[in-house]
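Structure record follows, encoded as structure tokens.
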Number of protein chains: 2
Amino acid sequence: MAAKYSNQSRYTVAVDCIVFGYDGQNLKILLVKRALTPLKGRWSLMGGFVAKNESADQAASRILASLTGLKDVYQEQFYTFTDPGRDSQERTISIAYFSLIDIKKYKEFISDAYHAEWFSIKDFPNLIFDHEEMVKTAKKRLQYKATSHAILFELLPDKFTLPLLQSLFEDVYESSFDKGNFSRKMLSTGLLLKQRDKDKTGSKKGAYFYKLDRKNYQQNLHKILKLVPNPNSIL
Amino acid sequence: MAAKYSNQSRYTVAVDCIVFGYDGQNLKILLVKRALTPLKGRWSLMGGFVAKNESADQAASRILASLTGLKDVYQEQFYTFTDPGRDSQERTISIAYFSLIDIKKYKEFISDAYHAEWFSIKDFPNLIFDHEEMVKTAKKRLQYKATSHAILFELLPDKFTLPLLQSLFEDVYESSFDKGNFSRKMLSTGLLLKQRDKDKTGSKKGAYFYKLDRKNYQQNLHKILKLVPNPNSIL
DNA sequence: GCAAAAGTGTTAGAGATACACCCATGT
DNA sequence: ACATGGGTGTATCTCTAACACTTTTGC
């Protein structure tokens with residue numbers, strides 16, 4: 001073992017995940033009932049400590065998988081919370097991640113071990129520590145990022161309709177867009193593959209399904225040009 | 001003292017600062033010769049440990065002030081580096097910040113205690129640990145942020161000319177913009193106050209000085225509309 | 001007068017907005 | 001047939017890009 005930095009403080013390092021989902025109506029977040037003391041039983045974000053031989057990214061994946069059973073989920077580190085008093089138990093640094101998951105895939109793997117529940121981002125219970133601030137910051141970051149990166153697809157099933165995609169954007173930006181312009185711009189990105197079948201649950205005419213063109217997706221994450229009409233006035 | 005989380009690992013937590021400056025020609029970063037073992041004497045970012053009663057933001061300010069003497073500097077936390085092996089001495093989490101300072105103000109307060117030196121972002125020495133990755137990430141983040149937020153002013157003196165501002169943008173984006181369009185767009189933000197005097201050092205005609213309208217600045221940080229011509233193709 | 005850099009003007013084209021209209025289908 | 005939501009068409013307007021042109025001043 002190598003020598004150590006002497007006379008320096010050491011702190012526990014945690015990861016907390018803001019898990020976003022979309023049920024077709026509202027943007028939601030996944031909350032759990034805390035299993036640890038202190039504040040056992042109170043609602044909180046899904047979190048855990050960073051173990052000895054893993055990075056924070058790995059910790060976030062591990063923790064999300066233990067809750068949802070899902071792997072290869074879109075996750076992004078967005079901010080590290082370090083206020084000395086943020087955790088009442090002992091000083092803990094928390095590296096916060098947001099995750100975007102398809103709410104239906106989650107249901108396949110649901111585990112009751114954590115008493116997890118979805119809440120609308122507009123109406124959720126009080127959370128422990130600084131977790132409410134984390135949610136706020138995560139939402140802002142999601143809005144900011146999604147103006148220029150095609151990431152909101154991660155919240156939808158493999159097959160989705162344009163009206164559904166639009167309502168997701170509208171919910172994320174708490175705003176409403178012209179459907180004609182939205183579809184034209186969306187299709188002009190070249191990211192969508194039109195399917196043969198339609199979704200008839202929402203209307204009589206039915207709306208075509210689309211899939212994401214995953215081949216081009218990686219390179220084109222940034223090819224959302226001006227889907228959000230006036231990003232500067234919103235953000 | 002409160003009870004502790006038992007059986008959890010604890011790590012030293014550091015802050016590292018990528019300090020950006022602009023000398024009128026090139027975007028630069030400030031590097032120091034490392035004072036600690038291991039790797040004493042090698043070039044590195046300015047950094048330090050987060051002390052018991054301060055947040056990471058406070059630590060970053062303290063560390064920057066100790067190096068440059070400057071306070072109230074623009075600083076932004078942008079990423080936390082957590083690879084288990086990133087520090088060869090012992091496992092250390094590093095919360096990275098970038099700072100934007102007026103290179104001339106720094107000179108007033110220069111302290112030789114740290115053997116600090118400015119290097120072009122395009123040509124700087126090998127750095128310890130993962131500090132080169134930090135610089136890369138910081139530069140990308142600066143580029144990304146500055147497409148939609150008026151922060152590059154922080155790199156300039158109080159009074160500056162449009163040509164200087166433009167050359168800064170060009171250097172940050174490694175690209176060149178049309179001067180006519182640049183000045184029209186820049187002035188249309190309403191962020192600049194034209195001064196009476198001109199800078200005659202750069203040309204015979206002389207270029208008017210401008211100041212930032214600090215009253216509106218806070219609210220209008222985001223009012224950079226499309227100063228960078230094709231951000232999506234660059235970023 | 002000429003060179004050099006600052007700054008203004010202009011035009012063609014692209015893209016955005018708003019809104020009207022058409023389409024497909026279940027009842 | 002008609003109501004409903006999906007989807008298309010289009011006129012107008014604004015913004016951008018490109019580049020030509022004018023201005024100012026030192027030499």
Side-chain angles (χ1 to χ4, degrees), chain A residues 24-25 147-148 156 159-171 173 175-211 222-235, chain B residues 24-25 147-148 156 159-171 173 175-211 222-235:
Chain A
Q25 310 284 358
T147 56
S148 55
L156 298 177
K159 280 168 39 174
F160 52 86
T161 64
L162 281 179
L164 181 68
L165 183 61
Q166 183 176 346
S167 71
L168 167 58
F169 268 81
E170 291 182 338
D171 206 61
Y173 292 102
S175 171
S176 62
F177 311 145
D178 181 274
K179 62 182 172 176
N181 299 332
F182 184 86
S183 97
R184 211 166 328 102
K185 285 187 226 172
M186 194 65 240
L187 295 175
S188 78
T189 63
L191 287 169
L192 298 189
L193 297 170
K194 191 172 195 165
Q195 305 302 113
R196 307 222 165 168
D197 48 340
K198 289 182 164 190
D199 170 28
K200 299 230 175 182
T201 60
S203 73
K204 286 144 193 172
K205 184 178 176 183
Y208 281 107
F209 280 115
Y210 288 84
K211 281 190 178 182
H222 59 86
K223 283 223 173 142
I224 296 284
L225 303 160
K226 277 211 50 172
L227 274 169
V228 181
N230 291 301
N232 285 292
S233 71
I234 295 170
L235 303 179
Chain B
Q25 310 284 357
T147 57
S148 56
L156 298 176
K159 279 168 40 174
F160 52 86
T161 64
L162 282 179
L164 182 68
L165 183 61
Q166 182 176 345
S167 72
L168 168 57
F169 269 81
E170 292 182 337
D171 207 60
Y173 292 102
S175 170
S176 63
F177 311 144
D178 181 273
K179 62 183 170 173
N181 299 332
F182 184 85
S183 96
R184 213 169 321 103
K185 286 186 225 172
M186 193 66 240
L187 294 175
S188 78
T189 63
L191 286 169
L192 298 190
L193 297 170
K194 192 172 194 165
Q195 305 302 114
R196 306 221 167 168
D197 48 340
K198 288 181 163 188
D199 171 28
K200 299 231 175 181
T201 61
S203 72
K204 287 143 192 174
K205 185 177 176 184
Y208 281 106
F209 281 114
Y210 287 84
K211 282 190 179 182
H222 59 86
K223 282 221 173 142
I224 296 285
L225 303 160
K226 276 210 52 174
L227 273 170
V228 182
N230 291 301
N232 285 291
S233 71
I234 296 171
L235 303 179

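Sequence lines set the chain letters: A, B, ... in the order given, protein chains first and strands last, and positions in each chain run from 1.
The minimum heavy-atom distance linking B:Gly206 with B:Ser203 is given by the pair N-OG, 3.0 Å. The shortest non-hydrogen separation linking B:Leu164 to B:Ser167 is O-OG, 2.9 Å. Closest approach of B:Gln195 to B:Tyr208, counting heavy atoms only: O-CD2, 3.6 Å.
Side-chain contact between A:Leu192 and A:Leu162: present, with at least one pair of heavy atoms (C-beta onward) separated by less than 4.5 Å.
Using the six-membered ring where Trp is involved, B:Phe169 and B:Phe182 have ring planes that are perpendicular, over 60° apart on the 30 and 60° scheme.
Summarising the geometry, the separation between CD on B:Gln166 and C1' on C:dG7 is reported as 11 Å, rounded to the nearest angstrom. Taking atom CZ of B:Phe182 as the reference point, atom C1' of D:dA18 lies 17 Å away to the nearest angstrom. The distance from atom CD of B:Gln195 to atom P of C:dG7 is 13 Å, rounded to the nearest whole Å. The nearest whole Å value for the distance from the NZ atom in A:Lys200 to the C1' atom in C:dG26 is 9 Å.
Taken over five-pair windows at either terminus, the axes of the helix from C:dG1-D:dC27 to C:dT27-D:dA1 are inclined to one another by 20° (rounded to 10 degrees).
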Q) Could you write nucleotides 2-11 of chain D as a row of B, S and -, 5' to 3', where a protein heavy atom under 4.0 Å of any base atom gives B, of only sugar-phosphate atoms gives S, and otherwise -? A) --SBBBBBB-
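In the displayed structure, A:Lys198 atom NZ is contacted under 6.0 Å by more than 12 heavy atoms of other residues, nucleotides or ligands.
The closest donor-acceptor contact from the side chain of A:Gln166 to the backbone of A:Ser183 lies at 3.5 Å or more, if one exists at all.
Stacking of B:Lys194 on the aromatic ring of B:Tyr210 is not recorded, the 6.0 Å distance cut-off and the 45° axial limit not both being met.
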